Amino acid sequence: MASRRCLNALSRQFSTVFHSNSQSLQPLKSLSHFRTLCPQRLIPNFSPQLSHSHNFSSPYKRPNEPKFVSNKEDEDEEGEKNGETSEDEEGKCGSESSSVIKRAYSVEEKIKEAAEIGYKVVGPLQHSDRVFKPYEPVFAVVQIGSHQFKVSNGDCIYTERLKHCEVNDKLILNKVLLLGANNQTIVGRSIVPDAAVHAVVEEHALDAKVIIFKKKRRKNYRRTKGHRQELTRLRITDIQGIEKPEKPSDRKTEKALSKVDKVAVAA
């Protein structure tokens, strides 16, 4: 359509030049007819191509149009690329899953790691073992990991989850910082030598849930998370490394015995 409009405009312009010629007044039937009417000097290098696709040069360039894949070869190449990327992703996922798998520790590594934390696993508790004793007036300050606890015989403490130990296992807490009793106190530098606190693992449990809420004002940012800390409950059974004082006799029993003696003497 655009080419026909151009031809009509040119015919109108040149009709005034060739008004004397009767042929010039006739409408143009084709491009060859136009060339016969017009001299070549007036239209140099004018050779428009009539086709269904109209390609006109303009000073403005069109933006880069999106390219659509129509050939099967291009599709195959893209499929190969996607396959390579998927294989790489699968390899990464496999490496991540392998990293999640628990590491197998040797016996020496378990003993070394437990010693760094501050305990030693003796073995499982047997039915014949009589580890629970009555209260004794002795206390100790023990370090387990990065926490310190003041304990005495029969106390129950909660620590962070201890590795390489199960329920009903007997433990020896090696990092004893201080020992005390009624008649003496022993302070370590930084650990008291030849001192130990015996304990039994009673339970592996989870602490109460803690809510972590983060917010940035005017940024539409809110995050809420929950966390439950893993804990281990220990029962203290014995404290060693200090002289234990004798149990003082009850005053009531002493008074009762003195009354009985007085009654016997009076009789």
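Quick caveat: nothing in here was measured; it's all calculated off a predicted structure.
- Between N153 and P134, the shortest heavy-atom distance links the atoms ND2-O, 2.7 Å.
- Under a hydrophobic clustering in which Ile, Leu, Val, Met, Phe, Trp and Tyr are joined whenever their side-chain heavy atoms come within less than 4.5 Å, directly or via other members, L173 and L125 fall into different clusters.
- Annotation: side chain of V176 is not in contact with side chain of V141 (no heavy-atom distance under 4.5 Å).
- Atoms CG and CD, on N168 and Q126 in that order, are 10.0 Å from each other to the nearest 0.5 Å.
- Around atom CD of E243, no more than 12 heavy atoms belonging to other residues, nucleotides or ligands sit under 6.0 Å away.
- Residue A140 comes nearest to L179 through the heavy atom pair CB-CD2, 3.5 Å, listed as atom of the first residue, atom of the second, then distance.
- Here the side chains of V121 and V201 are not in contact, with every heavy-atom distance at 4.5 Å or above.
- Side chain of T237 to backbone of F132: no donor-acceptor contact under 3.5 angstrom is found.
- Minimum heavy-atom separation, N182 to P245: ND2-CG, 4.4 Å.
- The only option from R235, R233, R161 that meets the salt bridge (charged side-chain N to carboxylate O under 4.0 Å, His left out) definition with E203 turns out to be R233.
- Separation of atoms SG (C156) and CD (E202) is listed at 5.5 Å; rounding is to 0.5 Å.
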_Check against side chain to side chain contact (heavy atoms under 4.5 Å, CB included), L171 and V200_ = CA-CA 6 Å; L171 305 180; V200 176; over 6 Å; no
*asked:* For K163 and Y119: C-alpha separation, side-chain torsions, deciding distance, then whether side chain to side chain contact (heavy atoms under 4.5 Å, CB included) applies.
replied: CA-CA 10 Å; K163 298 180 179 179; Y119 70 96; 4.3 Å; yes
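- Summarising the geometry of S190 relative to L177, their closest heavy-atom pair is O-CD2, 3.2 Å, with the distance given to 0.1 Å.
- A donor-acceptor contact closer than 3.5 angstrom links the side chains of T232 and H204.
- For the pair E136/I239, no side-chain contact is recorded, criterion being any heavy-atom separation below 4.5 Å from C-beta on.
- Among residues at least two apart or in separate chains, salt bridge (charged side-chain N to carboxylate O under 4.0 Å, His left out) pairs with a member in residues 164-181 are D129-K170.
- Tracing side-chain contacts under 4.5 Å through hydrophobic residues (I, L, V, M, F, W, Y), one never reaches V142 starting from F139; they form parts of separate clusters.
- I236 is listed as a side-chain neighbour of V197, based on a closest heavy-atom distance under 4.5 Å.
- When all heavy atoms of F149 and I157 are compared, the pair lying nearest together is CG-CD1, 4.2 Å.
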*Step by step, would you call V151 with L234 a side chain to side chain contact (heavy atoms under 4.5 Å, CB included)?*
CA-CA 11 Å; V151 297; L234 300 179; over 6 Å; no
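- Within a 6.0 Å radius of NZ in K120, no more than 12 heavy atoms belonging to other residues, nucleotides or ligands are found.
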Side-chain donor-acceptor pairs under 3.5 Å in residues 209-231, sequence neighbours left out?
residue	atom	partner	partner atom	Å
H227	NE2	Q229	OE1	3.1
R228	NE	D207	O	3.0

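- The minimum heavy-atom distance between Q143 and G145, with the atom names listed, is NE2-O, 3.2 Å.
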*Apply side chain to side chain contact (heavy atoms under 4.5 Å, CB included) to L178 and V192, showing your working.*
CA-CA 7 Å; L178 185 141; V192 179; 5.6 Å; no
